[in-house]
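Here the structure comes first, spelled out in structure tokens, and everything after it is commentary.
Nothing here was measured: the structure is a model prediction, and the numbers come from that model. Labels below follow one simple rule: chain letters A, B, ... track the order of the sequence lines, proteins then strands, and each chain is numbered from 1.
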Amino acid sequence: MRIHNTLTGHVEEFKPQREGQVAMYNCGPTVYKRQHIGNYRAFLMADLLRRALTYLGYEVTQIMNITDVGHLTEDDVADAQGEDKLQKEAARRNVDPWEIAREQERYFMEDLAVLRVPPAHGYPRATDHVAEMIEMIGQLIEKGHAYEVDGNVYFSIDSFPAYGRLSGNTMDKLNAGAGGRVEERTDKKSPHDFALWKRDEKHLMQWDSPWGKGYPGWHIECSAMAKKYLGETLDIHTGGPDNKFPHHECEIAQTESITGRPFVRYWVHCGWLEIGGGKMSKSKGELYTIPELTEMGYEGADIRLFLLRSHYRAPLPFDLELLDEAKTVRARLDNFVYHEMTERPDGTANPDLPKLLADTRRRFKEALEDDLNTSAALAALFELMHAVNKAQPGREDAERVVALVREFDEVFDVLSPPPQQDLDAEIQSLIEERDTARAERNFARADEIRDELAARGIELIDTDGGTRWKKS
RNA sequence: GGUGGCAUGGCCAAGUGGUAAGGCAAAGGAUUGCAAAUCCUUGAUCCCCGGUUCGAAUCCGGGUGCCACCUCCA
């Protein structure tokens, strides 16, 4: 397995700390608003990574955090001026922030289910780990990496020279490029210092701490929970492109200042999902949530395939036509498995088939091993389908082919469930009537019945072996 | 101003030194009572200029265009 590591900027050979075992942490959602499809690109990448690693024989432990406090609207300012996003939404809707957090967390899980994302091994909430955060903050102060000013605790950037290694925004660069954008004056020693603990009497979520009542800053939660559930050094840490800076820089600074060991071996970030030539984000208008898309008739699997068809790191344009295309492709896959390869006649085994299957599996695997090259993996699958359709296999060969397609689908998970085979008696008799009409060459009546069933969502397919149908 | 990234046929998209995967769309053909599906056929010298090389979409230099981060954001 080779994977692109943001830390080095290169695709590297992946070697977990423990042979065959992977400790993976995914930056999860901030539960103050419904996540949109752009957010889900990052979560589906995490899912892909987990599935691919599992397919390749690794045992993966996956932890994804739920941010339910402390994510500020002004992380850079990172003093008491910044607003907690959850708090802001709570004030807007005039409801308890806890209520919003739990509601949005529930929606998130619902969306993941629609997207066929199997649950991670844990979804720790920030608010359940304030004690761990306080402990880490205390350690940072002890070691001289953090300082308290009037109930606020800041991480001192100057105490961590490696700051900026991940994003390229090193301190000298940040200072050089300040260009008037860092203008605020605060109680911080350096404008780039970020908050670990914040005092704010008006905040609705308050915890006791050695520095008085307050609540934790955003970045510290990931350091605390990653350490608790996966240890001091993670094999993989994922996130969206926006997490690189400052969030992940801050995580590195906090954790490594305490442990003195590398925090993460491989940083993996996805590319932006773009809409209208720009990124899709909550602060702009046009974004789609999962329920909005399903109401429009798209299935989770359509969205999966749309996202998995291109490389996870490339910027990906989003529009409904591309989603339609994914739907078309998926229909072709379904058709192959449930129609072309089903009810095949008996036949002799094709001597070339074993090699075709082995080559296809090798190509598929090698593509995944090459920094999750899903485009190439899918190309292998399409070429297999083409070759098999051409060869018109007998039943046993067809079953072998389908088994391989299903094996690939453990990674992609885009096949529809098997079509229902039960039909009510009325429809059944209409189909029989049509068969009779066709036999009598009464095509007018036959087409009439076809149209009628189509209106009821039943699509008829005439084959040599008789009339088949499927729900359209 | 600083940082990171992108530029491949109508659209989407692989490919990082050896004569451009795959998908969607489109067109023609085979098959079909009509359909659907399937099969056959048809398309790009890879943003521009210069360089390195026997050979570059792929490396180097210089341009141009676009996106993002340095505010909230996956």
Side-chain angles (χ1 to χ4, degrees), chain A residues 6 9 11 26-30 32-33 35-46 71-77 82-83 85 88 164 166-170 172-182 192 238-247 269-274 277-284 287 305-306 309-311 313-317 319 321-322 324-329 331-332 335-336 339-340 363 367 370 373-383 385-386 388-390 392 438 441-444 446-447 450-451 454 459-464 468 470 472:
Chain A
T6 309
V11 176
N26 312 126
C27 264
T30 301
Y32 71 108
K33 255 186 195 171
Q35 301 286 295
H36 58 71
I37 184 169
N39 302 119
Y40 283 107
R41 185 177 192 196
F43 305 135
L44 276 177
M45 173 195 73
H71 196 160
L72 306 177
T73 53
E74 295 174 71
D75 284 305
D76 176 58
V77 176
E83 262 187 290
K85 296 200 285 196
K88 193 177 171 189
L166 184 69
S167 62
N169 287 313
T170 51
D172 51 329
K173 300 278 179 49
L174 281 173
N175 291 329
R181 290 197 64 170
V182 179
H192 300 292
T238 72
D242 50 333
N243 287 146
K244 289 179 205 169
F245 187 91
H247 185 52
H269 297 94
C270 65
W272 287 103
L273 187 64
E274 298 182 338
K279 69 167 181 171
M280 185 184 290
S281 76
K282 290 172 191 169
S283 43
K284 288 189 187 171
L287 42 79
L305 189 58
F306 161 69
R309 286 185 68 201
S310 61
H311 190 81
R313 234 160 359 92
L316 175 62
D319 68 56
E321 277 169 31
L322 291 173
D324 287 334
E325 189 182 319
K327 200 182 189 55
T328 301
V329 171
R332 206 184 132 202
N335 179 258
F336 180 75
H339 178 59
E340 299 294 345
R363 284 179 59 194
D370 183 18
N373 191 338
T374 48
S375 309
L378 282 172
L381 173 57
F382 289 131
E383 285 177 40
M385 283 167 49
H386 187 246
V388 170
N389 275 328
K390 201 169 168 177
Q392 289 294 302
R438 288 182 69 219
R441 305 191 67 78
N442 180 359
F443 297 121
D447 290 345
R450 180 201 287 284
D451 290 344
E459 185 186 341
L460 297 182
I461 301 156
D462 297 324
T463 73
D464 292 342
R468 299 165 61 108
K470 65 178 182 184
S472 52

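Here rA74(B) is the nucleotide among rA74(B), rG4(B), rA21(B) with the atom lying nearest to any side-chain atom of Trp272(A).
Base pairing annotation: rA30(B) forms a Watson-Crick or G-U wobble pair with rU38(B), both donor-acceptor distances under 3.5 Å. rA56(B) is unpaired under the Watson-Crick or G-U wobble criterion, no partner having all donor-acceptor distances under 3.5 Å. Pair assignment for rG9(B) gives none, since no Watson-Crick or G-U wobble pairing has each distance under 3.5 Å. Across all strands shown, rA25(B) forms no Watson-Crick or G-U wobble pair with both key distances under 3.5 Å. Base pairing analysis places rG4(B) opposite rC67(B); the two distances defining the Watson-Crick or G-U wobble pair are each below 3.5 Å. The base-pairing partner of rA20(B), taking Watson-Crick or G-U wobble contacts with both distances under 3.5 Å, does not exist among the strands shown. Nucleotide rG43(B) is matched to nothing when pairs are restricted to Watson-Crick or G-U wobble geometry with both distances under 3.5 angstrom.
Computed from coordinates, the Asn373(A) CG to rG15(B) C1' distance equals 8 Å when rounded to whole Å. Straight-line distance from the CG atom of Leu44(A) to the C1' atom of rA74(B): 11 Å, rounded to whole Å. In this structure, the CZ atom of Phe306(A) is 19 Å from the P atom of rG23(B), given to the nearest Å. Summarising the geometry, the separation between CG on Asp242(A) and C1' on rG5(B) is reported as 14 Å, rounded to the nearest angstrom. Put simply, CG on Leu378(A) is 9 Å from C1' on rG22(B), counting in whole angstrom units. Atom NE2 in His247(A) sits roughly 16 Å away from atom C1' in rU71(B) (whole-Å rounding). Rounded to whole Å, atom C1' of rG23(B) lies 16 Å from atom CZ of Phe336(A). Regarding His192(A), its NE2 atom lies at a distance of 10 Å from the C1' atom of rG2(B), rounded to whole Å.
Scanning all heavy atoms of the two residues, the minimum distance from Phe443(A) to Arg438(A) falls at CE2-O, 4.0 Å. Across all their heavy atoms, Arg450(A) and Leu460(A) have their closest contact at NH1-O, 3.3 Å. Pairing each heavy atom of Asn39(A) with each of His36(A), the nearest pair is OD1-N, 2.7 Å. Between Gly239(A) and Ala42(A) the shortest heavy-atom distance is C-CB, 4.4 Å.
Counting only distance, with no hydrogens or angles, the side chain of Asp370(A) and the backbone of Ala367(A) share no donor-acceptor pair below 3.5 Å. The main-chain N or O of Gly240(A) is found under 3.5 Å from a side-chain atom of Asn243(A) such that the two form a donor-acceptor pair. Not one N or O on the side chain of Thr238(A) forms a donor-acceptor pair closer than 3.5 Å with the backbone of His269(A).
Using C1' as the reference atom, rG62(B) and rG23(B) are 36 Å apart when rounded to the nearest Å. Here, rA26(B) and rU52(B) have their P atoms 47 Å apart, quoted to the whole Å. Distance check on atom C1': rU16(B) versus rU53(B) gives 16 Å, rounded to whole Å. Atom name C1', nucleotides rG17(B) and rC59(B): the rounded distance is 8 Å, in whole Å. Using C1' as the reference atom, rC6(B) and rU41(B) are 35 Å apart when rounded to the nearest Å. Atom C1' of rA20(B) sits at a distance of 8 Å from the matching atom of rU45(B), rounded to the whole Å. Rounded to the nearest Å, the gap between the C1' atom of rU58(B) and that of rC47(B) is 15 Å. Taking atom P on both rA44(B) and rA57(B), the two are 15 Å apart, rounded to the nearest angstrom.
Where Glu383(A) and Cys270(A) meet RNA chain B, the nucleotide closest to each residue was compared, and Glu383(A) sits on the side nearer the 5' end. Sequence order on RNA chain B of the closest nucleotides to Ala380(A) and Ala42(A) puts Ala380(A) first from the 5' end.
Going from atom CZ of Phe43(A) over to atom SG of Cys270(A) covers 9.0 Å, rounded to the nearest 0.5 Å. Note that CD of Glu340(A) and CG of Asn389(A) are 5.0 Å apart. Values are rounded to the nearest 0.5 Å. Atom CZ of residue Arg332(A) and atom OG1 of residue Thr328(A) lie 11.0 Å apart, to the nearest 0.5 angstrom.
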Going 5' to 3' along nucleotides 7-13 of chain B, which nucleotides have protein heavy atoms under 4.0 Å from the base (write B), which only from the sugar-phosphate (write S), and which from neither (write -)? -----SS
Reading nucleotides 31-38 of chain B 5' to 3', which nucleotides get B (base under 4.0 Å from a protein heavy atom), which S (sugar-phosphate only), which -? --BBBBSS
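Heavy atoms of Glu321(A) sit nowhere under 4.0 angstrom from any nucleic acid atom. When heavy atoms are screened at a 4.0 angstrom cut-off, Gly9(A) is found touching no nucleic acid atom at all.
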Begin from the C-alpha positions of Phe306(A) and Leu316(A) and carry the test side chain to side chain contact (heavy atoms under 4.5 Å, CB included) through to its verdict. CA-CA 10 Å; Phe306(A) 161 69; Leu316(A) 175 62; 3.8 Å; yes
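Contact of the Leu273(A) side chain with the Tyr40(A) side chain is not registered, since no non-hydrogen atoms from C-beta on lie closer than 4.5 Å.
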